Amino acid sequence: MSATAVAFPNIALIKYWGKRDEALIIPQTSSLSLTLAVYPTTTTVTLLPDGGQHEILQDAAPMPQAAAAKASRFLDHVRELAGSARAARVETSNAGPTGAGLASSASGFAALAAAAAAAYGLDLSPRDLSRLARRGSGSASRSVFGGFAVWNAGTDDLSSYAEPVDDAKIDAAMVLGIVNAGAKPISSRDAMRRTVETSPYNAPWVETNPSELALMREALRRGDFTAVGEISERNALRMHAAMLGAVPPVRYLTAGSMALLDAVADLRRNGLEAYATMDAGPNVKTLCRSSEAVEVRDALAAANPGIEFVIAEAGPGVSVSVS
Ligand code: 2P0
């Protein structure tokens with residue numbers, strides 16, 4: 001039995017940063033994202049005749065050890081759910097950079113969850129697939145769905161899942177500014193833990209989430225692009241503020257990131273509505289109207305020679321085919 005899944009990264013407008021349960025990946029707060037139409041992960045899972053070790057390949061070579069161990073634990077969970085003893089062979093490739101804060105773990109675990117579930121014969125609802133993907137990587141719960149998705153934090157394995165935001169009335173795109181496509185210096189998993197354990201700004205980050213999320217959902221429902229952009233940009237800055245308060249501090253943003261934040265503010269001063277968001281890496285994603293994405297990209301590229309800018313329209317949820 002073999003199944004191939006394709007999943008896309010998502011970028012959060014209301015960020016997930018910090019867990020209340022590390023083992024089950026239950027977040028402290030709910031989050032909301034836009035799935036993109038660039039940088040898909042394609043993953044094939046084939047069941048092997050026997051039990052034993054899973055074989056995990058990335059771009060036709062053995063996956064690096066830490067990532068392979070994470071994927072292997074995830075496959076153990078799937079085969080336990082399926083009541084199977086068989087091991088799996090995984091072949092995966094990312095069209096975009098891996099571990100650079102461009103959501104490769106979101107597309108990666110959404111694709112692995114869908115392909116593994118299908119290969120092991122689990123017939124999961126979208127909600128249960130989202131719960132499964134969450135066990136691999138929190139943000140992957142949202143990449144199960146296309147467009148805007150909200151991950152309800154919940155309090156346990158059953159209540160923590162993502163679902164589509166089906167009443168959003170804005171047509172948004174993102175312009176990805178690739179400041180640095182290299183792997184991040186500290187994993188988001190370790191950085192979140194440090195923030196939760198040591199940052200005095202973690203508590204206010206958590207306390208303000210429900211009202212910010214409610215404002216975001218209302219702005220999406222109204223089709224109020226300006227409000228969506230303003231809430232997104234301040235949410236990203238507040239997440240980075242929380243991590244900057246950790247001991248020792250977690251700082252993903254570089255001088256290049258700050259230059260792009262200035263460039264995005266300049267666009268706004270010149271009447272082009274654009275808002276910045278940044279994740280666990282230095283790259284800056286600029287939220288804009290889909291109809292203005294080319295103009296935004298060209299303006300950012302003109303002001304920042306040497307940086308690559310990629311337009312990402314809203315993308316689809318995970319798809320899977322069985323052979
Ligand atoms: C997000 N990020 O909401 C936030 C914003 C990065 C910054 O989700 O530990 O790879 O596997 O659950 O999902 C990155 O964290 O972390 C992330 P784990 P994940 O997109």
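Atoms within each ligand, like the ligands themselves, are counted from 1 in listed order. By convention here, the first residue in the shown sequence is residue 1. Nothing here was measured: the structure is a model prediction, and the numbers come from that model.
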Next on the checklist: Taking the ring centre of each residue, are Phe8 and Tyr39 less than 6.0 Å apart?
Outcome noted: no

Next on the checklist: Using heavy atoms and a 4.0 Å limit, tell me yes or no: is Arg134 in contact with ligand 1?
Outcome noted: no

Checklist entry - Just distances here: any N/O of Tyr16 and N/O of ligand 1 closer than 3.5 Å? => result yes

Checklist entry - Numbering the atoms of ligand 1 from 1, which are under 4.0 Å from a heavy atom of Arg189? => result 9 (O), 11 (O), 18 (P)

Checklist entry - What part of Ser137 sits under 4.0 Å from ligand 1 if we count only heavy atoms: the side chain, the backbone, both or neither? => result both

Item to check | Trp17-ligand 1 polar pair, N/O distance under 3.5 Å | outcome: no

Checklist entry - For Glu233, which of Lys285, Lys15, Arg268 qualifies under salt bridge (Lys or Arg N to Asp or Glu O under 4.0 Å)? => result Arg268

Checklist entry - Taking only heavy atoms of Ser188, which atoms of ligand 1 are found under 4.0 Å from at least one of them? => result 10 (O), 14 (C), 15 (O)

Checklist entry - Is it true that Asp157 and Arg131 have a side-chain N and a carboxylate O under 4.0 angstrom from each other? => result yes

Checklist entry - Does an N or O anywhere in Lys70 fall below 3.5 Å from an N or O of ligand 1? => result no

Next on the checklist: Within ligand 1, which atoms have a heavy atom of Met239 less than 4.0 Å away?
Outcome noted: 5 (C), 7 (C)

Checklist entry - Side chain, backbone, both or neither: which part of Arg142 has a heavy atom under 4.0 Å from ligand 1? => result side chain

Checklist entry - Is there any N or O on Lys19 that sits under 3.5 Å from an N or O of ligand 1? => result yes

Checklist entry - Does the ring centre of Trp151 sit less than 6.0 Å away from the ring centre of Tyr16? => result yes

Item to check | Numbering as shown, the atoms of ligand 1 that approach Ile25 to under 4.0 Å (heavy-atom distance) | outcome: 12 (O)

Next on the checklist: Only heavy atoms of Gly138, strictly under 4.0 Å: list the atoms of ligand 1 that pass.
Outcome noted: 11 (O), 12 (O), 13 (O), 18 (P)

Checklist entry - Can you tell me if Ser30 uses its side chain to pair, donor with acceptor, with the backbone of Ala153 under 3.5 Å? => result yes

Checklist entry - Is Asp279 close to Ile11 at the side-chain level, that is, under 4.5 Å between some pair of heavy atoms? => result yes

